[in-house]
Amino acid sequence: MYNPFSWLKTLGRLALYFAVVCALGQYFDLMMEAITVGALLLLLIHYWNLYRLNRWLWHSKKMTPPKTRGVWEHIYEGIYYLQRRNRNKRKELGNLVKRFREGAEALPDAAVVVDANACIAWCNRLARIELGLSWPDDAGRRVDNLIRHPQFIEFFHQGKFNHPIEITSPTNIEKILEYRIMPYGDKHLLLVARDVTRVTQLEEMRKDFVANVSHELRTPLTVLNGYLEMFNADEADYPKAFMHKAFAEMTAQSRRMQNLIEQLLILSRIEASAERVYEKIVDVPQMLSAIDSEAAALNREKSHGIRFQVDKNLQVFGIETELRSAFSNLIFNAIHYTPAKGNILVGWHLVDKRAEFFVQDDGEGIAEKHLARLTERFYRVDKARSRKTGGSGLGLAIVKHVLTHHNSKLEIASEVGKGSRFSFRFSNELTVVKSDATA
Ligand code: ADP
């Protein structure tokens, strides 16, 4: 139990002690000797307590002080109280640092604290992964010795940190990192590196896309402009053959532009679509019979043998306009890219409880090196030939987007000289066999 310190009590106790010493001195008639022995005894007791205090502070592992009485009890308790308060403060501070580190570890970016001598004071886990730092081995090493990219070193030494820089990651050259440096405190720096690969790629794609669209539109417009410049309004007498050629060419080119714009609109509609795939059932057999008639009209020139093998009971959950676009793109491509009098087989059937669509032709086929890139926008195997067919280079990109929206994927198998097979399957959950649908 803690007793508050009282000077009065302490002095009273001292007075009582000397009163007893004096009484003993008087009784034995040795007053001076008694006072000297009494004072020495008191000194001894204090030295003894100083010795115990020293032993407790420096050599004892115990937190609690040794038991004693009087003034020393207060001193021990005071020190014990200060120690406990310090310990709690240290604990609080430790917890704060721990929470701060946990917060910094949870950052989605790589973070490195650099001291006034450009040495690493601390880094988080992502910094170890993205920047290739190792912890604690790299603690105290100069950051510009560890991140060796010349652009980073220049940026770091220039000391102008208003703008970030973008450079490849030291651990993976495919990745682009954005480095930001924030000075704080006493010449300390906080270096933050963010993965901006995707943003950079999107920006590249956007630039390519604009360049491609402009290029695609410029060619037909040049043809139209050429003819328009040739025509003179005052001179109505042009040879008939010339007029026929001019009109045929202008019509073909304006159709090409129209087709391109329509395809672009379809693509952007699909990309922006928020429609849910699971809501409506699409009657694929009915849709295929409509496409069959369109294909027959398109096939007049080439006279391919086109066969449709359709399971009449097979339907899917999906978005009708999108699926129609995907199915017809694959069928019309087969008609366009198969030399005249070829054979095309269109199939819609059940495989492993999943609806599968395929278009197979015995055309020229596609070389292996093109297969992976076919679904890229504006990618064509043979640009000149594709343009002649009126192709925009967007057909398979549309198919890819539609299928992604329907959780499916386009499979392309092709062999040069033998033909191609384009196919995709819908998941079990999207597949509907008609008896289920009518139930
Ligand atoms: P396009 O509008 O030019 O037809 P697509 O994206 O539909 O563009 O097709 C991309 C390219 O894939 C075409 O230019 C063509 O070279 C090739 N291709 C597509 N379908 C076939 C096929 N059935 N047989 C051979 N090549 C094909």
Side-chain angles (χ1 to χ4, degrees), residues 205 208-209 212-213 215-220 252-271 288 291-292 294-295 298-299 301-308 322-348 356-405 408-424:
M205 268 167 71
D208 285 355
F209 185 68
N212 278 325
V213 172
H215 179 76
E216 295 291 329
L217 287 174
R218 205 170 50 201
T219 320
Q253 294 298 347
S254 62
R255 278 218 188 107
R256 231 187 97 193
M257 274 197 291
Q258 197 179 357
N259 180 34
L260 174 69
I261 290 166
E262 270 165 20
Q263 300 272 62
L264 280 173
L265 285 175
I266 293 176
L267 200 57
S268 72
R269 222 176 292 138
I270 296 169
E271 277 178 336
L288 284 176
I291 299 176
D292 190 356
E294 287 169 34
L298 200 69
N299 189 33
E301 215 179 281
K302 290 209 161 169
S303 316
H304 298 304
I306 308 181
R307 270 191 309 137
F308 277 74
E322 290 188 9
L323 290 181
R324 194 188 171 98
S325 194
F327 284 57
S328 54
N329 259 311
L330 293 182
I331 297 172
F332 297 164
N333 268 355
I335 297 175
H336 284 140
Y337 297 109
T338 304
K341 299 210 182 330
N343 290 299
I344 297 170
L345 177 64
V346 179
W348 175 243
E356 185 191 62
F357 176 76
F358 71 86
V359 181
Q360 198 171 316
D361 63 56
D362 60 357
E364 288 167 3
I366 306 158
E368 171 92 38
K369 62 175 180 185
H370 298 294
L371 292 183
R373 300 195 59 193
L374 278 190
T375 53
E376 281 177 24
R377 293 167 189 201
F378 299 108
Y379 188 83
R380 297 166 175 123
V381 174
D382 178 347
K383 271 200 181 216
R385 235 189 90 196
S386 181
R387 282 217 184 94
K388 244 189 274 159
T389 65
S392 61
L394 292 171
L396 292 181
I398 292 177
V399 175
K400 181 185 162 185
H401 266 82
V402 170
L403 295 184
T404 307
H405 198 181
S408 178
K409 196 170 168 269
L410 183 66
E411 305 283 344
I412 309 171
S414 192
E415 211 177 310
V416 177
K418 288 202 169 156
S420 318
R421 187 179 195 271
F422 290 78
S423 65
F424 54 85

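Just the heavy atoms: all of them, side chains too, but no hydrogens, waters or symmetry mates, feed the values below. As the structure lists them, so they are numbered: ligands from 1, and atoms in each ligand from 1.
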Q: With atom 22 (C) of ligand 1 as the reference point, say which of F422, F378, Y379 has the nearest heavy atom.
A: F422
**Q.** V381, V416, L394: member with heavy atom nearest to atom 17 (C) of ligand 1
**A.** V381
Q. Looking only at distance, does G393 have an N or O less than 3.5 Å from an N or O of ligand 1?
A. yes
Q) For ligand 1, is G363 a contact, meaning one of its heavy atoms is under 4.0 Å away? A) no
Q. When rounded to the nearest 0.5 angstrom, what is the spacing between CD1 in I344 and OH in Y337?
A. 13.0 Å
Q | Atoms of ligand 1, numbered as shown, that sit under 4.0 Å from any heavy atom of R380 | A | 3 (O), 14 (O)
Q. How close do I366 and F422 get, heavy atom to heavy atom, and via which atoms?
A. CD1-CZ, 3.9 Å
**Q.** Value rounded to 0.5 Å, distance of CD1 in I398 from CZ in R269
**A.** 9.5 Å
(Q) Heavy-atom distances under 4.0 Å decide this one: backbone, side chain, both or neither, for D361 against ligand 1? (A) side chain
Q. CD1/I261 to OG/S392 distance, rounded to the nearest 0.5 angstrom?
A. 11.0 Å
Q) Would you say I366 and ligand 1 have an N/O pair spaced under 3.5 Å apart? A) no
Q) Between E294 and F332, is any pair of side-chain heavy atoms under 4.5 Å apart? A) yes
Q) If you count the non-hydrogen atoms of other residues, nucleotides and ligands that lie under 6.0 Å from CD in E271, is the total more than 12? A) yes
Q) With a 4.0 Å cut-off on heavy atoms, is L374 touching ligand 1? A) yes
(Q) Can you name the atoms of ligand 1, numbered from 1 with element, that are less than 4.0 Å from a heavy atom of S420? (A) 24 (N)
Q. In terms of the angle between their ring planes, are F327 and F424 parallel, tilted or perpendicular, with boundaries placed at 30° and 60°?
A. perpendicular
